[in-house]
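Residue numbers start from 1 in every chain, and the chains themselves are labelled A, B, ... in the order their sequence lines are given, proteins ahead of strands.
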Amino acid sequence: MIGADYFARDAASLAHDLIGATLLFHGVGGVIVETEAYDQEDPASHSFRGPTPRNAAMFGPAGHAYVYRSYGVHWCFNIVCGPGPTGQAVLVRALEPTQGLAAMQGRRGLADPRLLCAGPGRLCQALGLSREHDGLPLTRPPFHLLPAHGRPPVLAGPRIGITKGVETPWRFALAGSPYLSRPARGVPLQR
DNA sequence: CCAGTGATTCTCT
DNA sequence: GAGAATCACTGGC
């Protein structure tokens, strides 16, 4: 289990290190294979224009969840980070499902493991995450976050689905994973 | 490729 | 306060 101090750093660093970590919610989840970083200087970030009711969790304690509704339909799950309330977070975009397959298949209404958690909206549906989990700490149950073993190969490239800050290479993906929301692009990173 | 979907936020009275 | 634009997406064509 990762401790609170693990999150007291910038979003790009955390987003990189989270690749290969295991995320569970009520024992259901898997290995993080895709993340994106957002911070307050970033025009694509919800925190760019300062605190609002929706993004309040981004200005709260590091190591807590920021969950928001996307396109009026889906939920997206972020991990707040930074040395204090700096408006930074990591969007968790995809998991390789490893625990609680049946629960995820039931919530998603399909069986293909590649489609259970491949995308931020799908991931939240599979794990049962929604607004009521906004602001909860990831350092305590029902969340469990376990660090990666070793140094998985990570690619860094442009983020998905944004119209501003499109050049910033803050999407991180496990190289070669078949569980990504879209194919990995970008350059290999050393850790 | 593109339509659905509705909350959120911005801008202007 | 009202009207309008903007979405950190998904699924079906």
Side-chain angles (χ1 to χ4, degrees), chain A residues 7 10-19 21 23 25 32-60 62 64-82 86-97 104-136 138 154-174 177-186:
Chain A
F7 305 98
D10 67 87
S13 167
L14 179 65
H16 181 179
D17 275 10
L18 283 173
I19 301 299
L23 172 69
F25 181 63
I32 298 173
V33 296
E34 183 179 345
T35 59
E36 287 179 357
Y38 291 88
D39 75 15
Q40 197 170 2
E41 275 68 60
D42 168 16
S45 174
H46 290 176
S47 61
F48 182 61
R49 295 171 194 278
T52 66
R54 175 177 68 164
N55 69 18
M58 282 190 80
F59 292 92
H64 288 228
Y66 166 44
V67 182
Y68 71 92
R69 204 139 155 86
S70 174
Y71 288 86
V73 206
H74 314 287
W75 299 99
C76 292
F77 170 78
N78 298 253
I79 299 176
V80 178
C81 62
T86 49
Q88 303 186 57
V90 174
L91 172 68
V92 182
R93 290 190 54 91
L95 304 180
E96 173 183 342
M104 293 190 272
Q105 288 165 331
R107 291 194 191 105
R108 292 274 297 124
L110 50 80
D112 185 347
R114 294 188 182 212
L115 295 177
L116 290 180
C117 301
R122 293 164 168 176
L123 183 160
C124 283
Q125 185 181 24
L127 269 58
L129 289 165
S130 63
R131 162 126 299 159
E132 61 205 274
H133 312 296
D134 186 39
L136 293 185
L138 302 175
V154 176
L155 294 178
R159 294 172 291 180
I160 308 287
I162 55 172
T163 59
K164 300 168 194 159
V166 292
E167 296 305 317
T168 308
W170 276 1
R171 175 184 183 230
F172 301 89
L174 179 63
S177 172
Y179 299 97
L180 303 174
S181 67
R182 311 183 47 168
R185 297 180 41 211

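Remark: A:T52 is in phosphate contact with B:dT9, judged by side-chain N or O atoms under 4.0 Å from OP1 or OP2. Between C:dA8 and A:H46, a contact under 4.0 Å exists linking OP1 or OP2 to a side-chain N or O. Residue A:T163 places at least one side-chain N or O under 4.0 Å from the OP1 or OP2 atom of C:dC7. A sub-4.0 Å separation between OP1 or OP2 of C:dC9 and a side-chain N or O of A:R93 is present. Note on A:R69: every side-chain N or O is 4.0 Å or more away from OP1 and OP2 of C:dT10. For A:R108, no side-chain nitrogen or oxygen approaches OP1 or OP2 of C:dT10 to under 4.0 Å.
The partner of B:dT5, taking Watson-Crick or G-U wobble pairs whose two distances both stay under 3.5 Å, does not exist in any strand shown. Figure legend. C:dA2 is base-paired to B:dT11; pairs are counted as Watson-Crick or G-U wobble with both atom distances under 3.5 Å.
Residues A:H46 and A:Y68 place their aromatic rings such that the two centres sit under 6.0 Å apart. Ring centroids of A:H64 and A:F7 are separated by 6.0 Å or more, keeping the two rings apart.
When only modelled atom types and interatomic distance are considered, A:S181 and A:E34 share a side-chain donor-acceptor pair under 3.5 Å. A donor and an acceptor atom, one from each side chain of A:R108 and A:Q125, are located under 3.5 Å apart.
Atom CG in A:D134 sits roughly 14 Å away from atom C1' in B:dA7 (whole-Å rounding). At whole-Å resolution of the value, CE in A:M58 and C1' in B:dT9 are 16 Å apart. Here B:dT5 presents its C1' atom at 11 Å from OH of A:Y71, a figure rounded to the nearest Å. If you take CG of A:D42 and C1' of C:dA8, they are 10 Å apart, rounded to a whole angstrom. Per the geometry, OH belonging to A:Y66 stands 15 Å off P belonging to B:dA7, to the nearest Å. Distance A:I160 CD1 to C:dC9 P: 8 Å, rounded to the nearest Å. With rounding to whole Å, A:Q125 atom CD is found 15 Å from B:dT5 atom C1'. Residue A:L115 contributes atom CG, which lies 11 Å from atom C1' of C:dT10 at whole-angstrom precision.
Closest to the side chain of A:H74, from the set C:dA8, B:dT5, C:dC9, is C:dC9. Closest approach to the A:R122 side chain among C:dT10, B:dT9, B:dT8 is made by C:dT10 (side chain taken as heavy atoms from C-beta onward).
A:R69 has no carboxylate O lying under 4.0 Å from a charged side-chain N of A:D134, or vice versa, which leaves the two without a salt bridge.
Proximity of A:D39 to A:T86: side-chain heavy atoms (C-beta onward) are nowhere separated by under 4.5 Å.
Here A:Y38 lies parallel enough and close enough to stack on the base of C:dA8, with planes under 30° and ring centres under 5.5 Å apart.
Note on A:R182: nothing from the nucleic acid sits closer than 4.0 angstrom, heavy atoms only. Contacts of A:I162 with the nucleic acid, taken as non-hydrogen atoms under 4.0 Å apart, involve only primed sugar atoms and P, OP1 or OP2.
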